[in-house]
Amino acid sequence: MSTIRLTVNGKPVSADVEDRTLLVHLLRDHLGLTGTHIGCDTSQCGACTVHIDGCAVKSCTVLVGQANGSNITTIEGIANGDELHPMQAAFRDNHGLQCGFCTPGMIMASIDIVHRHGSALTEDILRQELEGNICRCTGYHNIVKSVLNAAGRMTAAQAAE
Amino acid sequence: MGIEGIGTRALRKEDKRFITGKGRYVDDIRLHGMTYAAFVRSPYAHAKVTAIDTAPALEMPGVVAVLTGKELVDDKIGNLICGWMIHSRDGSPMKMGAWPAMAPEIVRFVGQAVAVVIAETRNQARDAAEAVVVTYEELPAVVDMREAVASGAPQLHPEAPGNVIFDWTLGDEVATDAAFKAAANVVSLDITNNRLAPNAIEPRAAIAEYDPAEEHFTLYTTSQNPHVARLVLSAFYNIAQEHKLRVIAPDVGGGFGSKIFIYPEEMVALWASKKTGRPVKWTADRTEAFLTDAHGRDHLSKAEMAFDKDNRITGLRVKTYANLGAYMSLFSSSVPTYLYATLLSGQYNIPAIFAEVISVYTNTAPVDAYRGAGRPEASYLVERLMETAARQLKVDPTELRRKNFITQFPHQTPVIMASDIGDFNASLDAAMKAIDYAGFPARKAKAESEGKLRGIGVSCYIEACGIAPSKAVGSLGAGVGLWESAEVRVNPVGTIEVLTGSHSHGQGHETSFAQVVAGRLGISIDQVQIVHGDTDKVQFGMGTYGSRSAAVGLSAIVKAMEKVEAKAKKIVAHQLEASENDIVIEEGQFKVAGTDKAIAFPMVALAAYTAHNLPDGMEPGLKESAFYDPSNFTFPAGSYICEVEVDAGTGKTTFINFVAADDFGRLINPMIVEGQVHGGLAQGIGQALLEHAVYDENGQLLTASFMDYAMPRAEDLPSFKIQHTMTECPGNPLGVKGCGEAGAIGASAAVINAITDAIGNNDLAMPASPDRVWHAIHG
Ligand code: FES
Ligand code: FES
């Protein structure tokens, strides 16, 4: 057992957990943040993607000990109150989801992709970058549309700042 | 205020909870005192269980119970069944072997459960499951269906000698043979339709809770049809009485058929919750999903088509071996029979068809319906054959198809189906135009000059969905009726709750169903709530599969709405002293036609509940229900054309363009319909290029994770061009067909036709991996 301290969605959290606990299980089972999903046991599907210190990471590959002291953002933490994150809004506006199970991971991965590529993001780059996230419902067509649309909104907002 | 009625691209109401992480899937639910189940699964494909020692596991921390297959059978929990009776050509019923939810004696596929551990935490349950000592005596296994039916093969079930479940035929053998004798040309092809894993991204999960005070069970489960689950669990599996079992299928993360069936794990969770007196949760990991979710497809066929001298089809003869795995899953027998062979006529006028289907047991996971269920197999066969014929007869593939299209409707095929309406030329025209078919030879020449192999492939699919009517499916062997139910509850202030027996696991019913209701009354979709997925709320329903939700489920809602509107009109007519025949509904108002007299809908609703001023003898309230049984299947159809480029050096296929032109009848929400097509195309293309569930000869699943099973990723797929053509379905009040499976039904043949066109070798099996394509080019 270890005591873990980290910040989740802006709030300090401490928990006593078994050393083998994965970050995704801490989020879901201990903190009740069930928006982060588990779709595989081989770190392939990306359903569990969260941000650790601003970078997209598959939370099923991270032992809580490794995340000790870091800043975690989950799907529950990206909206500004009632105002959706531009990526969330773009997924809704472009029908970028169906069953919604891959969606939190897709959104978290996509925000990071847009942050890294900014206005240089193209469809080809995006499709390559989404390699770690599997969606079985949408055929990716509308996910690609959503992310490119959000990229426009996010880079415009950045430019305005 | 704009009303988002039929035909509007309304944004989905359900999305808000999904994009904010507030969806509620089964694994998200936690009950007080909940325990966790982990199954002990067979590492052998075929073995005798000679002993199970649970003592070491029972000593592990947190373990509440370890239960075995023998205890389950001793408690008289019923065997899993197949609910669609098929008879062999000699009249004998299909040969079903016993399938207990956990094997007490013999295991027949890798991953079959023999025991379950119930513990305080998930990790404790998993640790203890590894400590259960099972002694197996390995038996010889058979995986290949041709070997399974050969003499001397290992025998799986005493009930099924030779491992043959049924040898079934459809059509007129004599007439078909005669057509082949008289044929000017015969085209034949051996076709493999490879085995797939459905892979909804949400793994299957179940939570069972037993309440001893009421002797009542609650089951949360990842189901496409919770009422069918309750029916089967109570009527056949002896788990609980129907009124003592509530089944809830909350948000479900994709189904694609794999969540239609009742699985051993749900049964065991229910049984274990009573035995332990604690709620029991089980969530599959991905490897368990690969090992135990019902797989799809897996056909081996020999197909022959006869043509007269004018290239008109005169006959089709098909012999198919269908692998059903180690046990017969809930609807498995219907897939290679009535859902497959009845579609072999395709979009064509074929006077004589004869199909023989031999279903076989092997030591592999059970096979059942997967997106399209039988129709993709039929469509792939027919469309590969048409393309092959065009090449052999040296005619343009689109011309050969046009020459043979059914153009007169209704059309009775020789294999049961009577297609009601369609315009196959219209969708082919739309697809050819969108891909610039005429310009292809020039593009091919240009690609060739750059050292690339370019090909174009066509696929003109038809499918039958909204399976019905109950009387017809009953006569074909179905154990259930295939109607749907609905209840429309208007609340006193005019908001509406619609209870439906359909189930949404990504299809967007909360929006498209609300659009229909809101559009009829001229109110906002936000005033309409769709309720589904809970047997305590909705009285009964058959659920969602086979693209039946719009054609059958929504039609039931329309029928209930008609009753609601009729009663509301009576109230208005009474209050405004007009004739009820003169009342019209416009923009949320109930008006007396041709006057300015009107009552707003919320006031009508309130009047129904205050009941101060209703017509004499009228019951208060505004709530109606309906059961709807359609008169026929619906027949979506379309043309898919794909253009690819193949790199001769690597065998890699790249999409240049993919066009889908579909006729789904009237569209309720075109945005949602297009999304459904995209997803289906991805699964059809996935099968054509990537996906394959592979067993080795000992029955070990070599593709039991996402590391080994090639799921289509964003990079593997193109952007799609979607076109709609429309013939209104005459069989239901909305004129709708179904759209959920079309992409998966039509896409694979288009892709393989395009690649074989590019490489000039027709001998190519799915999945057309770069390695396979390279060998097809270079030998
Ligand atoms: S659950 Fe983490 S990658 Fe699949
Ligand atoms: S929306 Fe269902 S898996 Fe992506």
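A note on names: the letters A, B, ... follow the listed sequences, proteins ahead of strands, and every chain is numbered from 1.
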Participant: Quick one: what part of B:Q507 sits under 4.5 Å from any heavy atom of chain A, side chain, backbone, both or neither?
Facilitator: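 Answer is neither: B:Q507 stays 4.5 Å or more from chain A.
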Participant: With a 4.5 angstrom heavy-atom cut-off, could you sort out which part of B:R30 is near chain A: side chain, backbone, both or neither?
Facilitator: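 Contact with chain A involves the side chain of B:R30 alone.
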Participant: If we ignore hydrogens and angles and just use 3.5 Å, is the side chain of B:R286 paired with the main-chain N or O of A:G39 as donor and acceptor?
Facilitator: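 Here the side-chain-to-backbone pair exists.
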Participant: Report which part of B:I685 has an atom under 4.5 Å of a heavy atom belonging to chain A: side chain, backbone, both, or neither.
Facilitator: neither
Participant: Side chains of A:H95 and B:I672: closer than 4.5 Å at any heavy-atom pair?
Facilitator: yes
Participant: Do you know which of B:D716, B:N123, B:D251, B:N199 has the most heavy-atom pairs under 4.5 Å to chain A?
Facilitator: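 The option with the most such pairs is B:N123.
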Participant: Check whether A:R92 reaches the backbone of B:R12 with its side chain - one donor and one acceptor, N or O, closer than 3.5 Å.
Facilitator: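 Here the side-chain-to-backbone pair exists.
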Participant: Counting C-beta onward and ignoring hydrogens, is there a side-chain heavy-atom pair between A:Y140 and B:S719 closer than 4.5 Å?
Facilitator: no
Participant: How long is the straight-line distance from CZ of A:F91 back to CD1 of B:I19, given to the nearest 0.5 Å?
Facilitator: 9.5 Å
Participant: Measure the CZ-SG distance between B:R713 and A:C135 for me, rounded to the nearest 0.5 Å.
Facilitator: 12.0 Å
Participant: If you count heavy-atom pairs under 4.5 Å between each of B:A284, B:G255, B:P718 and chain A, which one has the most?
Facilitator: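 Ranked by heavy-atom pairs under 4.5 Å with chain A, first place is B:P718.
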Participant: Which bit of B:R122 comes within less than 4.5 Å of chain A, counting heavy atoms only: side chain, backbone, both or neither?
Facilitator: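 Answer is side chain: those atoms of B:R122 sit under 4.5 Å from chain A.
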Participant: Specify which of B:H678, B:H505, B:Q683 makes the most heavy-atom pairs with chain A at under 4.5 Å.
Facilitator: B:H678
Participant: With a 4.5 angstrom heavy-atom cut-off, could you sort out which part of B:V677 is near chain A: side chain, backbone, both or neither?
Facilitator: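 Neither part, no heavy atoms under 4.5 Å.
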Participant: Would A:Q88 and B:D15 count as a side-chain contact (heavy atoms from CB on, under 4.5 Å) here? Give the steps.
Facilitator: CA-CA 9 Å; A:Q88 290 172 307; B:D15 284 356; over 6 Å; no
Participant: Pick one of side chain, backbone, both or neither for B:L681, based on which atoms fall under 4.5 Å of a heavy atom in chain A.
Facilitator: neither
Participant: Hey, is the main chain of B:G675 close enough, under 3.5 Å, to the side chain of A:Q98 for a donor-acceptor pair?
Facilitator: yes
Participant: Which residue out of A:C137, A:A79, A:P104 racks up the most heavy-atom pairs below 4.5 Å with chain B?
Facilitator: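 Of A:C137, A:A79, A:P104, A:C137 has the most heavy-atom pairs under 4.5 Å with chain B.
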Participant: Quick one: CD on A:Q128 to CD on B:E715, what's the gap to the nearest 0.5 Å?
Facilitator: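 One finds 4.5 Å between CD of A:Q128 and CD of B:E715.
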Participant: Counting C-beta onward and ignoring hydrogens, is there a side-chain heavy-atom pair between A:T34 and B:R24 closer than 4.5 Å?
Facilitator: no
Participant: When you look at B:D28 and A:R28, which way does the side-chain contact (heavy atoms from CB on, under 4.5 Å) test go after all the steps?
Facilitator: CA-CA 8 Å; B:D28 299 341; A:R28 290 180 54 81; 2.8 Å; yes
Participant: For the CG atom of A:D41 and the CE atom of B:M707, what is their distance to the nearest 0.5 Å?
Facilitator: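 Separation between the atoms: 10.0 Å.
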Participant: Are the side chains of A:F101 and B:P203 in contact, using a 4.5 Å heavy-atom criterion?
Facilitator: yes
Participant: Say you draw a straight line from CD of B:E14 to CG of A:L97; how long is it, rounded to the nearest 0.5 Å?
Facilitator: 8.5 Å
Participant: From A:R136 CZ over to B:M711 CE, what is the distance, rounded to the nearest 0.5 angstrom?
Facilitator: 4.0 Å
Participant: Relative to each other, are the rings of B:F720 and A:H141 parallel, tilted or perpendicular (30° and 60° limits)?
Facilitator: parallel
